[in-house]
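Below is one structure, written out as structure tokens, with a few remarks after it.
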Amino acid sequence: AQKVIQVWSTASRQEGEELTLDCSYETSQVLYHLFWYKHLLSGEMVFLIRQMSSSTAKERSGRYSVVFQKSLKSISLVISALQPDDSGKYFCALWELVTQVVGQLTFGSGTRLQVYA
Amino acid sequence: ETAVFQTPNYHVTQVGNEVSFNCKQTLGHDTMYWYKQDSKKLLKIMFSYNNKQLIVNETVPRRFSPQSSDKAHLNLRIKSVEPEDSAVYLCASSYWGYEQYFGPGTRLTVL
């Protein structure tokens with residue numbers, strides 16, 4: 001069974017619009033972290049934003065913010081004021097503590113975003 | 001600004017050859033990783049190395065081995081490459097438990 005699920009494989013929006021990318025996850029751990037990454041056409045994987053399971057703060061980084069619904073095991077990435085450069089593939093990732101010394105990062109299958117000018 | 005460096009960018013080789021990829025991070029992180037990225041851009045963890053402790057994904061074939069000289073370097077060696085080893089290999093680093101920063105990747109093609 002998949003641990004990190006990104007239902008939408010593709011999305012498209014116009015420049016200036018706002019987009020929400022959804023991600024759901026499965027974990028039995030009490031403490032875990034969630035991350036969003038963007039995969040560029042150049043091949044680079046860029047970290048965008050982090051959400052810790054223990055945090056109730058609404059995380060925000062520039063035009064990126066998250067909507068974290070812990071009870072639903074859901075985390076959405078919100079990108080405001082979309083620009084054509086936001087085009088790329090976005091990955092949700094779950095980090096869990098598997099043992100005292102072993103952490104595991106699991107990626108979703110990604111959502112490819114196309115922003116039109 | 002790149003802080004996780006990988007060399008080479010590309011490598012083409014023949015079945016049975018040995019290859020070695022280098023990775024260096026300048027972020028002062030204590031943990032480094034190697035991932036294999038498939039054609040659908042999905043990332044699969046191969047190894048993680050933290051405080052001289054190596055964690056191996058048990059599905060990784062034995063011909064793959066990581067090599068570390070210090071916490072800033074984690075190289076990947078493939079003893080005898082197979083066609084299915086063709087992929088992009090990504091190195092990453094982090095403070096343990098926090099977000100990982102990725103290098104640009106090394107694309108391996110096995111003929």
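None of the values given here were measured: they were computed from a predicted structure. In the text below, chain A, chain B and the rest are named by the order of the sequence lines, each starting its count at 1.
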Hey, any chance Leu94(A) and Met45(A) share a hydrophobic cluster, counting ILVMFWY side chains that come within less than 4.5 Å of each other, even indirectly?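 Shared cluster, no.
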So how far is it from [X] [atom1] to [Y] [atom2], rounded to the nearest 0.5 Å?
{"X": "Leu76(B)", "Y": "Cys23(B)", "atom1": "CG", "atom2": "SG", "result": "10.0 Å"}
{"X": "Lys24(B)", "Y": "Thr7(B)", "atom1": "NZ", "atom2": "OG1", "result": "10.0 Å"}
{"X": "Met32(B)", "Y": "His73(B)", "atom1": "CE", "atom2": "NE2", "result": "8.0 Å"}
{"X": "Leu108(B)", "Y": "Ile78(B)", "atom1": "CG", "atom2": "CD1", "result": "5.0 Å"}
{"X": "Leu48(A)", "Y": "Ile79(A)", "atom1": "CG", "atom2": "CD1", "result": "7.0 Å"}

May I ask you to check whether Tyr101(B) and His29(B) place their ring centers less than 6.0 Å from one another?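 Under 6.0 Å, so yes.
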Is it the case that the ring center of Phe47(B) lies less than 6.0 angstrom away from the ring center of Phe64(B)?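 Distance test on ring centres: not under 6.0 Å, no.
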Non-hydrogen contacts under 4.5 angstrom with chain B: give the residues of residues 109-117 of chain A involved, or none if there are none.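 Within residues 109-117 of chain A, the residues that come under 4.5 Å of chain B (heavy atoms only) are Ser109(A).
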Residues from residues 30-37 of chain A approaching chain B under 4.5 Å (heavy atoms):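 Checking residues 30-37 of chain A against chain B gives His33(A), Phe35(A), Tyr37(A).
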Does a side-chain heavy-atom distance below 4.5 Å link Tyr49(B) with Trp34(B)?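 No; the side chains remain at least 4.5 Å from each other.
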Less than 4.5 Å to any heavy atom of chain A: does that hold for the side chain of Tyr35(B), its backbone, both, or neither?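 Contact with chain A involves the side chain of Tyr35(B) alone.
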Gln37(B) portion near chain A, given a 4.5 angstrom heavy-atom threshold: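 For Gln37(B), side-chain heavy atoms alone lie under 4.5 Å from chain A.
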Take Glu18(B) and Arg77(B), measure what salt bridge (charged side-chain N to carboxylate O under 4.0 Å, His left out) needs, and give me the verdict at the end. CA-CA 7 Å; Glu18(B) 177 175 316; Arg77(B) 187 179 79 149; 3.6 Å; yes
Return a table of donor-acceptor pairs under 3.5 angstrom between the side chains of residues 69-78 of chain A and protein atoms on other chains or two or more places apart.
from     : atom 1 : to       : atom 2 : distance (Å)
Lys70(A) : NZ     : Ser53(A) : O      : 2.9
Lys73(A) : NZ     : Thr27(A) : O      : 2.9
Ser76(A) : OG     : Asp22(A) : OD1    : 2.8

Going by atom types only, do Ser94(B) and Tyr33(B) share a side-chain donor-acceptor pair under 3.5 Å?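 On atom types as modelled, these side chains qualify, holding a pair under 3.5 Å.
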For Asp86(A), is there an ion pair with Arg63(A) - N to carboxylate O distance below 4.0 angstrom?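 Yes, this pair counts.
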Sort by residue number and list every member of residues 84-91 of chain B having a non-hydrogen atom under 4.5 Å from chain A.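 Near chain A, by residue number: Leu90(B).
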What's the verdict on side-chain hydrogen bond (donor to acceptor under 3.5 Å, both in side chains) for Glu96(A) and Tyr25(A), showing C-alpha distance, side-chain angles and the deciding distance? CA-CA 11 Å; Glu96(A) 306 168 275; Tyr25(A) 58 92; over 6 Å; no
